[in-house]
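Report on the structure given below.
Within every chain, numbering begins at 1; the chains are lettered A, B, ... in the order of the sequence lines, protein sequences first and strands thereafter.
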Amino acid sequence: MELLRDTLRELRYYPSAVAGLIIISLLTIFSIYTVIAIPYEEAITLWRGGENIWYRLPRTVPPAWTNFFRAKKLPESVILDSRQGQAQRSEKAMSDGKQITMNFEFDFQYDAFPDDLSLYFYPTYENKAPFVSVTWFMPDGRELRITDVAVKRGGAFRFGQDEKLARRIKRKIGDYPANVALFLDPASVENGGEPTPLKGIYRLEVVATTFEPEANVESELIVYGQVYGIAGTDHLRRDLKVALMWGAPVALAFGLLAAVGTTVTTMIIAAVGVWFGGLVDETIQRVTEVNLMLPLLPILIMIGTFYSRSIWVILGATIVLSIFGASIKTYRAIFLQVRESPYIEAAQAYGASDVRIIFRYLIPRILPVLIPNLVTLIPSFVFLEASLAVLGLGDPILPTWGKLIQDSLANGALYKGLYYWVLEPSALLMVTGLGFAMLGFTLDRIFNPRLREV
Amino acid sequence: MRLEEKRLGLDRPFVVRSFLFLRNALTLRLGFAERMVSDAGSRQVRLIILERLPTTLLLFGTADLLLFFLSVFVALVLSRQYGSFWDRVFVALSPTSAAPGWFYGIFLILIFASWLRILPFGDLVDVPPPESRVLYALSVLKHMILPTMAIILSAIFISVYSWRTFFLIYSSEDYVELARAKGLSGRTIERRYILRPTLPTIITSFALMVISLWTGAPIFETVFNWPGLGRTLFQAIGLFDIPVIVGSTVIFAYLLAITVFLLDILYALVDPRVRIGGGHKQ
């Protein structure tokens, strides 16, 4: 306890340790917040949900704050749902059913065209599907008939994929895809210039006619932007925020458990070996030498391919393989010195048991070496998890930073210039690694004064 | 069925089979691949691996040697200028070595290949490969810049930091003071009185670093699309080709053993104390 207090007091004088401690505490708070805000089960369903959950989000777009650095502002998504009162809705009774008018209005003040547009319908009816006609109104007063269609349950209209609409656009506006044509400023292309969007208030009118007294129609307009949220999205429209947030607790848990598990077991084994000496020590020495030869990553790869890819199995294997590592030799050297000290002899003289000597007399002496070692080991395990994920051997269900990097590399993010996708998880990994490494290095200097002199 | 079992030796006990496998592994009889084929068209795991081994050795050998000499040089220079600006920079940057090589690789690819477009994304040579030998070598060299840089970046700060600390500790020893008092030149002192006694320690720490670099090869080569042993292992995982996975792992273990063995010999060369019988001759 006193050791801890003294250490903390001394740490204040090292700026890098203070920075490291701040990073670590922020990460811990962030992880706790994540686990509370998005519980484990929810994170998994969200991440593996697919189109049903993420259909509202655009595909592979950078985060919204990148607009701050751009001269040409990229559009954000517009999502208007009539069920949530985001459309002006009016009903008019008719002979057997009613006529429902929904007006979706939004302000468009960006310098680029949206990615795509979709209109989702949520009708309720018994037998006869309601009929819907959709019209697009531009800020300069022009209007365009989009479609007239009977809507079934789960029906959706994708502006970019409708051939009739494409033909109408070609005739009335010009040879552009729907997402460009609907927002095009005609003045910009008059003299063969680059197409630019027209800024102002756009309106989409959906007029639905129902043929049953109880029938109803609701709809949702989605204008997919070119930026999204604070983290952007991936190739499956998933919000990267979920994976970035969940990466933190996973990385911390993996790093901490692996580091603590390895160092503590290594220390006990080294102490036992030194204390009993003879055959025990010999065996431990030889096992260590053989184990040092074994390549950790390829063996983990074999375990991942043949046995299980669960992060906890990999964690266990990592700990087992790292126990007989190089540090066993360092600890052994220190224990060998300690074993000869007079106080151990005294303990033996008054009849302390072997276990008592190992745990109460030998092990406490090694803590100054052990603690910095433990802290410096954490980042290497955090990166090990990421490495396995990048090799495609990450946990199949949990989203982690490594898996994000793997997704981005596998989908050619570097070739396509989708830098945010690579940089966000890498930056978090780097910050985590640096935090622990900086603290560990300083602890090393404090506990091993030989390094501090120079 | 029985015959087949006998032919494959499955009727013998597990221990015997383990030793048989050991013998096969030692003689590089690693069996046949299930799906992968070597560039020359063979299905033998040994040929597949031997074909990829030279590229791995080329890349990692170059990078490790460069790393070693660069680190020793920079560490010596910094130990001379203790407390200077660059010294502080290296000390401050030393925690960045917590990240492995592939991690820096991604950044380097992002900057030099994707953004500036001056160096290739990866691979061994241009497509199509140049005809003449000189151009071929130059092309390989160009493709090696980024991976080598990534390896060096990932390890140089920590090694410079720890080695410079060793140099500083040793340069405050009494015999170094004495040598200085005798009026020996700075260069001689560095070479004979500082470098010589620290070399064994440095070589040990370098050996551990080389081992960790070797271990990281599968992912490193995957990121750089470098057609070496590591990427073979990665491809084998993708194809679930068990003989190749096992074979590559065995070869990796050999490489580690050979590295350590070579370094042990080197150790004996630089540290006369560990030479067997060295004491008797004097």
To the nearest 0.5 Å, what is the distance between [atom1] on [X] and [atom2] on [Y]?
| X | Y | atom1 | atom2 | answer |
| --- | --- | --- | --- | --- |
| B:Ile219 | A:Leu297 | CD1 | CG | 7.0 Å |
| A:Leu414 | B:Trp115 | CG | CH2 | 14.0 Å |
| A:Tyr419 | B:Ile111 | OH | CD1 | 10.0 Å |
| B:Thr222 | A:Leu409 | OG1 | CG | 10.0 Å |

Please look at [X] and chain B and tell me whether the side chain, the backbone, both or neither of the residue comes under 4.5 angstrom of a heavy atom of that chain.
| X | value |
| --- | --- |
| A:Ala413 | neither |
| A:Ser16 | neither |
| A:Phe441 | side chain |
| A:Leu423 | side chain |
| A:Leu384 | neither |

At a heavy-atom separation under 4.5 Å, does B:Tyr254 approach chain A through its side chain, its backbone, both, or neither? neither

Using non-hydrogen atoms and a 4.5 Å limit, figure out which bit of B:Phe240 sits close to chain A: side chain, backbone, both or neither.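 Interface part for B:Phe240: side chain.
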
Is the number of heavy atoms from other residues, nucleotides or ligands within 6.0 Å of OH (A:Tyr307) greater than 12? no

Within a 6.0 Å radius of atom CZ on B:Arg88, are there more than 12 heavy atoms belonging to other residues, nucleotides or ligands?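 No, the 6.0 Å shell around CZ holds no more than 12 heavy atoms from other groups.
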
